[in-house]
Amino acid sequence: MRVTKAIKAEQLHILRTLYPNAKPALEFKTPFELLIAVILSAQCTDVRVNIVTSRLFPRANTPEAIAALGQEQLEAAIHDCGFFRMKAKHILETCDILLQEYGGEVPADFEALQRLPGVGRKTANVVMSVAFHAPAIAVDTHVFRVANRLRLAVGKTPLEVEKGLQKAIPREDWSDAHHWLILHGRQRCKARKPLCGECPLAPVCPSAI
DNA sequence: CTCCCGATAT
DNA sequence: ATATCAGGAG
């Protein structure tokens, strides 16, 4: 199947109808809470992150309070998210930088975010898009897999797919489309056993079995 | 590229 | 037993 511009538009239309109320799955009340939640979400399900942060944020949800926990207590608090030693280290370093260089606030700047320990391109894109409503498409494992399967955007790296998606999707839909692709990846277009038989996108998907 | 971490699904 | 999970650093 050759995925034309018209077919890509149809793919997006079906995704929109499938996931009409797409929103972030991570729970947060402030940009700082979102930043911490997204750092924790690396190679971890959003469900598990929400369980951990629902216990952590009432104790500490500011750079000062997280820093006051220290490495050992923070490791214990985020243990269930995996990679807990590195994540705790990165979060503490990030809190120090926020306090020293940004007045304790999360910078609304893509480049500045990427300079924070534990924050790469994907996390910076999520924070810019979700917390600051900037046009950005974060390419996580789900977005990468689903975009490639649909050939909505093809690439060997997340950055290539990100650029392809920016061309294929109208800017005003970037935020919604990001969530459509994640929800589709979680619910139907799974990594292991994709449910092509009951997928409404199968007729416009070159990878459908 | 490997390592970081462990629970869960297959 | 192995792949996967809202990745990032060395």
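What's counted below: heavy atoms across the whole structure, side chains too, no hydrogens, waters or symmetry copies.
In the set B/dA9, C/dA6, C/dG7, the nucleotide with an atom closest to the side chain of A/Ala42 is C/dG7. The nucleotide whose nearest atom lies closest to any side-chain atom of A/Lys122 is, among C/dC5, C/dA6, B/dA7, C/dA6. Candidate nucleotides C/dC5, C/dG7, C/dA6 were compared by shortest atom distance to the side chain of A/Pro24, and C/dA6 ranks first. In the set C/dT4, B/dT8, B/dC5, the nucleotide with an atom closest to the side chain of A/Arg48 is B/dT8. Listed candidates were C/dA6, C/dT4, C/dG7. Nearest to the side chain of A/Thr141 is C/dG7. Picking from B/dC5, C/dT4, C/dC5 the nucleotide with the shortest atom distance to the side chain of A/Met86 gives B/dC5. Across C/dC5, B/dG6, C/dG7, the shortest atom-to-atom separation from the side chain of A/Thr45 is found for C/dC5. Side-chain proximity of A/Asp140 to C/dA6, C/dC5, C/dA3: nearest is C/dA6. The side chain of A/His90 lies closest to C/dA9, out of C/dA6, B/dG6, C/dA9.
At the heavy-atom level, A/Val49 lies nowhere under 4.0 Å from the strands shown.
Nucleotides C/dA3 and B/dC5, compared at atom C1', are 15 Å apart to the nearest Å. One C1' atom belongs to C/dA9, the other to B/dA7, and the distance between them is 23 Å to the nearest Å. For the P atoms, the distance linking C/dT4 with B/dC1 amounts to 15 Å, nearest Å. Between C/dA6 and B/dC3, the distance separating the two P atoms is 24 Å to the nearest Å.
The distance from the CD1 atom of A/Ile66 to the CD1 atom of A/Ile91 is 7.0 Å, given to the nearest 0.5 Å. Between atom CG of residue A/Leu18 and atom SG of residue A/Cys199 there is a gap of 7.0 Å, rounded to the nearest 0.5 Å.
When only modelled atom types and interatomic distance are considered, A/Arg151 and A/Gln11 share no side-chain donor-acceptor pair under 3.5 Å. Neither side chain, A/Arg16 nor A/His13, offers a donor N or O lying under 3.5 Å from an acceptor on the other. There is no side-chain donor-acceptor pair under 3.5 Å between A/Tyr19 and A/His179.
The base of C/dA6 sits with one of its N or O atoms less than 3.5 Å from a complementary donor or acceptor on the side chain of A/His178.
Side-chain nitrogen and oxygen atoms of A/Arg145 include at least one within less than 4.0 Å of the OP1 or OP2 phosphate oxygen of C/dC5.
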